[in-house]
Amino acid sequence: MDLSFTETQGMLRETLARFLADTYDFESRKKMLTRPEGRDPGIWKAIATELGLTCAPFAEEHGGMGGGAIENMIMMEEFGKVIAIEPWLQTVVIGGGALKHAGGALAEATIPAIISGDCVIAFAYAEPQGRYNLADIGTTAKADGAGYVLNGHKGVVYAAPWATHLLVTARTGGGRRDRAGVELFLIEANRPGITRRDYPTVDGFMASEVYFENVAIPGEALLTGGIDLIERVVDEATVAVCAEASGIARTMVNSTVEYTKQRKQFGQPIGKFQVLQHRMSDMFVEAEQVSSMALMGTLKLDEAPEARKAAVSMAKAKVGKSLKFVGQNAIQTHGGIGITMELAIGHYFKRGTMIEGQFGSIDHHLDRFEALTYPA
Amino acid sequence: MHIDFSPEDLAFRDEVRTFIAENYPAELRGKQDEGDELSKEDFLSWHRILHKKGWVAPAWPVEYGGTGWTPTQRFIFSEETARADCIRLMPFGLSMVGPVIYTFGTPEQKAKFLPRILSGEDWWCQGYSEPGAGSDLASLRTKAERDGDHYVVNGQKTWTTMAQHADWGFFLVRTNPDVKQQEGISFLLIDMKTPGIEVRPIITLGGEHEVNEVFLDNVRVPIENRVYEEDKGWTCAKFLLAHERTGIAGVAGSKRGIEKIKEIATTEMDGERALLSNPFFRRKVAELEMDLTALEYTELRTLAGEAAGKGPGPESSVLKIKGSEIQQRITELALEAAGHYGAPYFRGFGEGDNEHPIGPDWAHRTAPSYFNVRKTTIYGGSNEVQRGIIAKMVLGL
Ligand SMILES: Cc1cc2nc3c(=O)[nH]c(=O)nc-3n(C[C@H](O)[C@H](O)[C@H](O)COP(=O)(O)OP(=O)(O)OC[C@H]3O[C@@H](n4cnc5c(N)ncnc54)[C@H](O)[C@@H]3O)c2cc1C
Ligand SMILES: Cc1cc2nc3c(=O)[nH]c(=O)nc-3n(C[C@H](O)[C@H](O)[C@H](O)COP(=O)(O)OP(=O)(O)OC[C@H]3O[C@@H](n4cnc5c(N)ncnc54)[C@H](O)[C@@H]3O)c2cc1C
């Protein structure tokens with residue numbers, strides 16, 4: 001056992017942290033959100049080309065550095081610290097992950113484009129009726145000659161307005177909630193028949209409702225692996241948002257402590273009140289649990305499916321609870337100023353709140369953990 | 001001792017129910033259903049209807065325009081208005097400054113202001129908090145100096161709810177800097193159109209404009225607009241804080257909130273079953289309902305004590321603490337019920353955007369209200385301050 005980071009991993013973290021410190025101060029982030037596209041695309045390009053970070057979690061044969069989940073964890077944690085609105089999760093973790101696992105010509109062609117920053121991917125998996133069940137899918141992919149024809153509606157697809165490609169889950173056969181017949185496709189986002197309704201999300205991203213109407217796609221768009229591949233990729237994404245949560249929780253604790261040192265009431269810094277001290281101690285404790293669970297989940301991603309799923313659900317349920325505690329108490333401890341757009345803390349709280357539900361609520365993961373681990 | 005309503009109470013309940021059904025503005029109902037931001041006119045429309053009926057200020061003494069209802073009738077009225085999802089009337093005139101004026105005001109002040117509070121002609125705001133004086137309200141620094149028959153007021157207030165609509169504000173100002181903090185404060189009624197007042201918006205996390213900063217620069221206020229004696233404003237303030245706290249439990253509103261959650265979770269599906277059949281979700285709703293019942297009976301006991309002549313004591317901090325926490329948990333469950341559709345954000349998206357939000361109708365407001373309702377444990381005396389009061393005044397610590 002060795003829980004230390006390699007020198008390269010340390011450098012990756014430092015490179016990204018330094019870059020984000022320069023580009024992602026609260027005021028700059030605010031400005032990005034007011035741009036029509038809701039972000040500054042130059043930043044993604046810089047992360048890929050100038051800093052060369054997108055290659056970190058990919059194999060050398062694809063032009064990568066040979067890293068994987070740990071590199072993703074490091075990056076996501078740093079993004080969390082500044083609540084970055086960058087498509088790393090969707091493009092590198094999810095899109096890149098699916099391609100790595102499926103392999104083949106599509107991976108050969110696409111991974112270099114991800115690394116160069118030219119390919120941005122959005123993950124179109126959720127459907128209005130489906131909640132967190134990955135197999136509850138009404139979108140169909142009907143075989144048609146050598147290819148398929150897509151029809152359906154995907155909801156709240158984060159990063160879709162920015163994407164060059166969509167990673168879509170669709171049904172080639174089977175009934176609405178059958179695990180069999182669910183497949184994963186990577187397609188160009190501008191194929192005829194695809195329409196979007198774009199909107200901002202409460203946590204600062206852009207997302208879309210994506211509608212597919214008789215969208216013809218080639219057979220090569222299929223990433224083989226079915227629901228097992230999808231579950232694996234979503235588990236990796238789940239752990240990645242746990243790492244993001246770790247950066248967020250840590251920052252919320254630090255900002256709250258700093259604020260209570262400055263803010264004076266009753267003639268003293270409010271940080272001197274013991275109730276607030278104990279609360280912030282508890283917040284610190286919970287933030288540590290978030291980091292621990294993000295690490296645990298990351299280290300278990302290569303276990304056999306059942307063990308992996310149980311570990312990921314354990315991580316996400318715990319992270320959800322701890323993050324809620326940290327976020328709610330960070331706001332409460334700030335008083336009125338905490339619920340305004342003016343301080344950064346509220347924006348961390350908003351992203352944290354969305355992470356609680358992303359890829360499954362606390363209850364969903366408790367349920368999945370119990371089902372996998374305890375006798376019925 | 002019993003908990004049943006008498007036949008007279010039941011008849012009263014039916015009367016209230018019918019009145020609401022026949023008179024609640026349809027346009028307002030429509031906006032509420034859509035989750036639209038309500039305008040000043042929206043708030044006033046229901047206010048005026050109740051005023052015309054004579055029901056706008058049930059808690060006031062009859063001589064000033066109250067209804068003379070028994071505590072049970074008042075309870076029924078608030079139950080019924082919440083049950084029918086009527087908007088809550090703005091409290092600043094009716095529940096705050098009104099009672100201060102009829103308790104401490106001069107005959108002239110009563111004659112001038114009370115009827116206009118009842119009719120809705122004047123919209124009031126509360127100018128207490130300052131950037132440096134939140135929980136430590138008594139440290140406030142906005143000062144009022146005498147100049148002939150006027151005070152000249154200088155300073156800054158903040159968090160002033162709905163000041164953007166206000167015709168009048170009641171302000172706490174420092175009239176004597178040389179004595180113990182609480183003994184140098186006066187209670188002024190200020191016309192918000194007086195030169196020197198500037199109101200600037202503060203936007204809250206859900207995108208709402210409900211609070212403001214209020215800057216006062218050489219604002220001249222006639223001395224006759226001071227309520228009660230000079231330097232004795234803290235007495236009015238504490239009286240008012242006690243009033244503010246009795247309504248703050250929000251039992252009726254939370255009952256309606258839980259009903260809404262149940263309605264949502266009955267239609268919203270979780271796989272093959274309704275969300276309300278999901279054992280985890282169901283358990284949380286049930287616990288919430290139990291906590292609310294405990295709060296309801298705590299409030300009933302407080303009201304009974306009040307009817308027996310005991311003023312709202314520091315025990316009502318219990319109502320504030322539990323009531324605010326329950327309000328927050330309701331918004332938390334609604335957000336959970338929304339699933340993926342809690343994320344889309346539609347307020348202020350493109351000026352004048354009329355596009356219909358996506359997802360279930362109720363879902364697009366769940367995240368903004370969850371963020372917004374974090375306020376309930378902060379305002380009206382934060383829950384930490386309330387715990388301090390219980391510790392000191394009730395437990396004698
Ligand atoms: C939405 C909203 C509407 C409002 N409307 C109005 C209005 O209309 N008019 C008006 O005058 N004010 C209004 N307020 C202000 C409100 O009353 C204050 O926010 C409140 O008094 C807390 O003050 P603060 O925000 O400065 O927080 P602070 O007093 O700075 O408190 C920060 C944190 O420290 C804690 N704390 C402070 N002192 C102690 C202590 N002694 N022991 C333990 N913990 C402590 C607090 O509980 C809180 O958690 C509103 C506030 C909000 C959020
Ligand atoms: C808009 C706004 C709303 C507020 N709402 C409330 C509120 O509803 N309840 C509240 O207690 N504080 C409320 N506060 C905070 C409150 O005004 C004081 O900051 C707090 O009570 C401590 O004041 P003190 O010890 O300097 O006052 P002091 O006058 O010295 O108080 C003496 C003791 O009386 C207590 N006390 C104060 N008000 C009351 C009251 N109404 N009933 C019983 N005991 C009281 C104090 O906590 C203190 O222990 C509010 C503040 C703002 C700005």
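So you know, we letter chains A, B, ... as the sequences are listed, proteins then strands, and number each from 1.
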Quiz item: A:Phe273 versus B:Glu384: any side-chain heavy-atom pair under 4.5 Å?
Solution: no
Quiz item: Is there a side-chain contact between B:Phe371 and A:Val202 (heavy atoms, below 4.5 Å)?
Solution: yes
Practice problem: May I ask you to decide whether A:Arg176 forms a salt bridge with B:Glu272, counting only side-chain N to carboxylate O separations under 4.0 Å? | Solution: no
Quiz item: Counting N and O atoms only, with roles assigned by atom type, does the side chain of B:Glu336 sit under 3.5 Å from a partner on the main chain of A:Ser361, one being a donor and the other an acceptor?
Solution: no
Quiz item: Only one of B:Val385, B:Asp136, B:Leu137 clears side-chain contact (heavy atoms from CB on, under 4.5 Å) with A:Gln265; which?
Solution: B:Asp136
Quiz item: So do the side chains of A:His364 and B:Phe280 get within less than 4.5 Å of each other, counting heavy atoms only?
Solution: no
Quiz item: Hey, is the main chain of B:Ala338 close enough, under 3.5 Å, to the side chain of A:Arg131 for a donor-acceptor pair?
Solution: no
Quiz item: Hey, which of A:Val275, A:Ile362, A:Ile339, A:Thr340 has the most heavy atom pairs under 4.5 Å with chain B?
Solution: A:Ile339
Self-check item: Heavy-atom side-chain contact between A:Glu356 and B:Glu332 under 4.5 Å
Solution: no
Quiz item: Salt-bridged, A:Asp363 to B:Lys284, with N to O below 4.0 Å?
Solution: yes
Quiz item: Under 4.5 Å between any side-chain heavy atoms of B:Pro344 and A:Thr201, yes or no?
Solution: no
Quiz item: Tell me, side chain or backbone of B:Ala343 under 4.5 Å from chain A's heavy atoms, or both, or neither?
Solution: both
Quiz item: If you round to the nearest 0.5 Å, how far is CD1 of B:Ile378 from CD1 of A:Ile331?
Solution: 7.5 Å
Practice problem: Walk me through it: do B:Gln328 and A:Gln328 pass the test side-chain hydrogen bond (donor to acceptor under 3.5 Å, both in side chains)? | Solution: CA-CA 10 Å; B:Gln328 293 181 338; A:Gln328 292 183 343; over 6 Å; no
Quiz item: Is there a side-chain contact between A:Glu342 and B:Ile202, using heavy atoms and a 4.5 Å cut-off?
Solution: yes
Self-check item: Minimum heavy-atom distance B:Asn383-A:Gln332, with the two atoms named
Solution: N-NE2, 4.3 Å
Quiz item: Any chance the rings of B:Tyr345 and A:Tyr199 have centres within less than 6.0 Å?
Solution: no
